[in-house]
Amino acid sequence: MKHFLFIRGLPASGKITIARELEKQFGWRVLWIHGIKNAIWDVVKKHDLRQLMREVLDPIVRFMLEEKLDIIFVRTAMDRETIERVRAEVAKHPDYRFDLVTLLADKQTLLERAQSRPFDEHRPSDEKSLNEYLARIPAHEQHDDRELVIDNTRLGVEEVVDQICRHFDYR
C-alpha cells in the first residue's frame, strides 16, 4: 500500500518541518505546494494565481500517483475544495491510502516561528503580515472525522511525528 499524506496548516504551524522529518524516516517524497506557487508567482505575477494553481496542481498530483511514489503533500491553504479534489484523485488509485493532518499552533507561536525563519517575501515574517494572512482565511475551519488535528503549540517535532505515525499506523 502506498501513502499519500496531506499536511495542511497555517504559515509557521510546522508543516514542512514535520514533512521533512517524515521524509527522513520513511523516504517518502515531499511535494511542497508553497514552493511551486512562489516559482509561478515570480514568473506570471499578474495572472489569477488561484486559478493557475488549480490548473497546475492536478497534473502534478496525477503524475506523482502514476509514478507510484509515497507522497507527503504540504499545503498552507486550509480550503476543503483542494482537499476534496486531491482526495478524489488519490481515490482513483486503489493502491493508495489518503491520510489528512492539520497542524495548529496559537498565534504567538506562529508569530515566533515566522520571525525565526529566513525572510521569504511570499510568507508571513512579522506580526503585520501574519495578521493580514489570518484575516484572509475563514475564521472557523471545519475538520472531519477522517482528519488528524494536532495542536503543536507546545509539542516538539518528534512528538508530532509520533502522533501521526501512531494515528495512521505508519510504523
Note: K128-E132 ion pair, threshold 4.0 Å (strictly below): yes
side-chain contact (heavy atoms from CB on, under 4.5 Å) for L10 and L104? Distances and angles first, verdict last. CA-CA 7 Å; L10 295 172; L104 305 173; 5.8 Å; no
Are F63 and V86 connected in the hydrophobic side-chain network, where two residues link if heavy atoms are under 4.5 Å apart? yes
Can you list the steps and then say if K107 with N131 is a side-chain contact (heavy atoms from CB on, under 4.5 Å)? CA-CA 9 Å; K107 188 174 175 185; N131 286 338; 2.4 Å; yes
Nearest heavy-atom contact between M64 and L31 is SD-CD2, 3.5 Å
Only one of F73, Y170, F98, F26 passes side chain to side chain contact (heavy atoms under 4.5 Å, CB included) with L5, and that residue is Y170
Which is it for D58 and E89 under the side-chain contact (heavy atoms from CB on, under 4.5 Å) test, yes or no, and what are the steps along the way? CA-CA 8 Å; D58 294 343; E89 194 61 45; 5.6 Å; no
If I compare all heavy atoms of M1 with all of Y96, which pair ends up nearest, and what's the gap? SD-C, 3.5 Å
Starting at CD of E84, measure out to CZ of R80 and round the result to the nearest 0.5 Å. 5.5 Å
Looking only at heavy atoms, which two atoms of I164 and L148 are closest? And how far apart? CA-CD2, 3.8 Å
So do the side chains of V101 and H167 get within less than 4.5 Å of each other, counting heavy atoms only? no
side-chain contact (heavy atoms from CB on, under 4.5 Å) involving K24 - partner list, sequence neighbours excluded: E21
Give me each pair satisfying salt bridge (Lys or Arg N to Asp or Glu O under 4.0 Å) with a member in residues 156-165, each pair once, sequence neighbours excluded. D162-R166
Among L69, L65, I72, L100, which residue satisfies the side chain to side chain contact (heavy atoms under 4.5 Å, CB included) criterion with F4? L65
Answer yes or no: are there more than 12 heavy-atom neighbours, outside R97 itself, under 6.0 Å from its atom CZ? yes
First locate atom OG1 of T153, then atom CG of L103, and finally report the distance between them rounded to the nearest 0.5 Å. 10.5 Å
The reported gap from CG in L134 to CD in E127 (rounded to nearest 0.5 angstrom) is 10.5 Å
What distance separates I150 CD1 from I7 CD1, expressed to the nearest 0.5 Å? 8.5 Å
Taking 4.0 angstrom as the limit, do E67 and K2 come out as a salt bridge? no
Do K68 and D95 come within less than 4.5 Å of each other through their side chains, counting heavy atoms only? yes
Of all heavy-atom pairs between K92 and P94, which one has the smallest distance, and what is that distance? O-CD, 3.4 Å
What are the two closest non-hydrogen atoms of N152 and A105, and how far apart are they? OD1-CB, 3.8 Å
Contacts of R154 that satisfy side-chain contact (heavy atoms from CB on, under 4.5 Å) - sequence neighbours left out: D106
Taking the side chain as everything from C-beta on, heavy atoms only, tell me whether P124 gets closer than 4.5 Å to L111. no
Interatomic spacing from CG in L110 to CD in Q115 - rounded to 0.5 Å: 11.0 Å
Got R113 and T17 here, is their nearest side-chain heavy-atom distance under 4.5 Å? no
Supply the atom-to-atom distance E23 CD to I71 CD1, rounded to the nearest 0.5 angstrom. 12.5 Å
